[in-house]
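Read through the structure below, which is laid out as structure tokens, and then see the notes.
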Amino acid sequence: MSDKYDVIVIGAGPGGYVAAIKAAQLGLKTACVESWTTDGKQVLGGTCLNVGCIPSKALLEISHKYEEANHSFADQGIEVEKLAINVEKMMARKDGIVKQLTGGIAQLFKANGVTSIYGHGRLLANRQVEVTDADGKTATYEADHVILATGSKPIEIPPAPLQEGFIVDSEGALEFTEVPKRVGVIGAGVIGLELGSVWARLGAEVTVLEALDTFLPAVDQQVAKDALKQFKKQGLNIQLQARVTGTNVKRNLVYVNYEDAKGEQELMVDKLIVAVGRRPNTDNLLAGDSGVNLDERGFIFVNENCRTDAPNVWAIGDVVRGPMLAHKASEEGVMVAERIAGQKPQVNYDCIPNVIYTAPEVAWVGKTEEQLKAAGESFKVGTFPFAANGRAMAANAASGLVKIIADEKTDRVLGFHVVGPQASEIVAQGVIAMEFGSTAEDLALTCFAHPTLSESVHEAALAVNDGAIHVANRRKKK
């Protein structure tokens, strides 16, 4: 044995590195295994920091500023001449942000006493971890507890095999060296909409093909329909019930064949982004006698506290059930580290926010109207449009709404949904309210600063019980 640890974490993404830091803070001798490299050097942060959440948000922010300057500055009295986008500089800024943040994790490991081990980690029996480096050399480590946090990777589909420079996944879509004239996107989910938005804002003609007949089925449909209307106004051509059947690259163009309600169709684009979801990264992670079991889709079986079937082996983040979200992985990482240390925390999976970082942003937590209706639960709804919010109007971002769903009898907040400016920040108010078991009346009795976007939360909460001030309320039944 090379060394013995209290905790070994396999994977240094937002679940793994957080778990490692927390375990070390709790006095546990901790190591974290990671195989990701850039320019031959190990980098931490996993998909999220390197090719996911952070770089995509950098491009979304830059492209949003460019679109504002190109289309809405003039309405606000700002005149810009010879506006241009420098894709090389844009990508350099994105890469710089990634480098700064991944380097920051290395410093946090050092500050907290976490040992970073380079290589591919594989769980053997009895909590032994085999690590293989880039040269094929192996070393074996032993731990009292092992946390599996290897994340996920893009799903590939047979009708659209990846072809460098032409048919790319979500990672490749972050590396274009120029703005394509035409971009196709397979999948109108979170990733597809975000990446499609980036290149559409920069001037590409973007067509999104979605096999389902419902737009964003996991989102409250009042909010989803509002978002769809805004995206189409921005020029995103979103085709529902469009099932891709094949692709072909000819003369530097991608020909996409798909079927919709009208029959067989063909789309010609310069770049095609495949964004149909992600799958757990559990390939070559487990030895046959590790004691850890997978389901038919490759997810690791865990209980409500992220314990696997093997004693003292835990799994968190994208490799287990639940939404594939960085913040969910981080919360699970903290919970597991604390449980290893003898504490009894739990993750409240009913209060995990979801966000689509388009413009307008879409964010939600809790139940949708559709879910509550299907469950036969009685509820009441309050909404407030940003069109009636002074701060949103001043910011030239007055599309969308805040929607609060509360229990009909107890008034407790069951769902909180936002489409509009800074929805990703506003939804946190709903998360806090639900975490503390707040009622709509609790929010209605809270004083919000004026003028702010958050006043829309106040008004939506008032509207739940027909008490909104700045929008007409529903007529009360006589």
Side-chain angles (χ1 to χ4, degrees), residues 1-20 22-24 26 28-37 42 44 46-47 114-153 155-156 278-322 324 328-329 332-342 347:
M1 297 299 167
S2 300
D3 212 340
K4 170 75 183 293
Y5 292 89
D6 296 321
V7 179
I8 293 179
V9 182
I10 302 179
Y17 85 73
V18 168
K22 190 63 180 180
L26 292 168
L28 301 167
K29 183 180 179 182
T30 305
C32 187
V33 181
E34 177 56 65
S35 62
W36 200 300
T37 60
Q42 182 196 40
L44 307 174
T47 294
V114 176
T115 300
S116 182
I117 301 173
Y118 168 69
H120 173 82
R122 184 168 179 258
L123 179 67
L124 309 179
N126 301 316
R127 296 179 302 283
Q128 295 180 40
V129 176
E130 178 187 79
V131 180
T132 305
D133 67 16
D135 297 324
K137 296 178 181 178
T138 63
T140 303
Y141 303 84
E142 186 178 356
D144 293 328
H145 293 265
V146 175
I147 303 174
L148 306 173
T150 48
S152 62
K153 55 187 175 184
I155 292 174
E156 297 181 23
R278 302 181 65 84
R279 66 181 185 89
N281 199 15
T282 50
D283 298 341
N284 197 29
L285 174 63
L286 306 169
D289 58 354
S290 67
V292 175
N293 294 305
L294 304 177
D295 68 13
E296 66 279 0
R297 296 186 298 158
F299 288 94
I300 297 172
F301 280 116
V302 291
N303 69 4
E304 68 276 10
N305 297 318
C306 293
R307 285 184 179 272
T308 72
D309 294 330
N312 291 351
V313 177
W314 314 72
I316 62 175
D318 288 5
V319 293
V320 303
R321 77 288 179 271
M324 288 183 168
K328 175 257 198 182
E332 289 177 333
V334 171
M335 175 187 70
V336 166
E338 291 178 343
R339 282 191 167 266
I340 291 172
V347 173

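Since the model is a prediction, treat every value here as computed from it, not as a measurement.
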Q.
I want to check something: taking the side chain as every heavy atom from C-beta on, are Ile300 and Leu285 in contact at a cut-off of under 4.5 Å?
A. yes
Q. Are the side chain of Lys29 and the backbone of Lys4 linked by a donor-acceptor contact shorter than 3.5 Å?
A. yes
Q) About how many Å separate CH2 of Trp314 and OG1 of Thr308, when rounded to the nearest 0.5 Å? A) 9.0 Å
Q) Between Asp295 and Phe301, is any pair of side-chain heavy atoms under 4.5 Å apart? A) yes
Q.
Can a donor-acceptor pair be found, under 3.5 Å and without considering hydrogens, that links the side chain of Thr150 to the backbone of Asn281?
A. yes
(Q) With heavy-atom distances below 4.5 Å as the criterion, would you say the side chains of Tyr17 and Val9 are in contact? (A) no
Q: Answer yes or no: is there a side-chain heavy-atom contact under 4.5 Å between Val320 and Lys328?
A: yes
Q: Might you point out which heavy atoms bring Ala31 and Ile117 nearest each other, and give the distance in Å?
A: CB-CD1, 3.8 Å
(Q) Taking Ala143's backbone N and O only, do any of them form a donor-acceptor pair with Arg127's side chain (distance below 3.5 Å, no angle check)? (A) yes
Q) So, does Gln42 use its side chain to make a donor-acceptor pair with the main chain of Glu34 at under 3.5 Å? A) yes
Q | Heavy-atom closest contact (Gly11 atom, Cys32 atom, distance) | A | O-SG, 3.4 Å
Q | Residue pair Ile8 / Tyr141, side-chain heavy-atom distance below 4.5 Å | A | yes
Q. Under 6.0 Å from the CG atom of Asn293, do we count more than 12 heavy atoms belonging to anything else shown?
A. yes
Q: Inspect the contact between Glu332 and Arg321 and indicate whether a charged nitrogen and a carboxylate oxygen are less than 4.0 angstrom apart.
A: yes
**Q.** Working for side-chain contact (heavy atoms from CB on, under 4.5 Å), residues Arg297 and Arg279
**A.** CA-CA 8 Å; Arg297 296 186 298 158; Arg279 66 181 185 89; over 6 Å; no
Q. How close do Leu26 and Ala337 get, heavy atom to heavy atom, and via which atoms?
A. CD1-O, 3.6 Å
Q | Beyond-backbone contact of Arg122 with Ser290, side-chain heavy atoms, under 4.5 angstrom | A | no
Q.
Working to the nearest 0.5 angstrom, can you tell me the gap between Thr132 OG1 and Lys137 NZ?
A. 12.5 Å
Q: Compare every heavy atom of Val292 with every heavy atom of Ala310, then report the nearest pair and how far apart it is.
A: CB-CG2, 3.9 Å
Q) Going by heavy atoms in the side chains, are Tyr118 and Thr37 under 4.5 Å from each other? A) yes
Q.
Using every non-hydrogen atom in the two residues, find where Leu123 and Val129 come nearest and quote the distance to one decimal.
A. CD1-CG2, 4.4 Å
Q) Which heavy-atom pair separates Thr282 from Gly298 by the least distance, and what is that distance? A) OG1-O, 2.8 Å
Q: Go through the steps for Thr47 and Lys153 under the test side-chain contact (heavy atoms from CB on, under 4.5 Å), then give the verdict.
A: CA-CA 8 Å; Thr47 294; Lys153 55 187 175 184; over 6 Å; no
Q: Working to the nearest 0.5 Å, report the span between CZ of Phe299 and CG of Asp318.
A: 7.5 Å
Q: Indicate yes or no: at least one non-hydrogen side-chain atom of Asn312 is less than 4.5 angstrom from one of Arg307.
A: yes
Q: Kindly compute the distance separating CH2 (Trp36) from CG (Leu44), expressed to the nearest 0.5 Å.
A: 11.5 Å
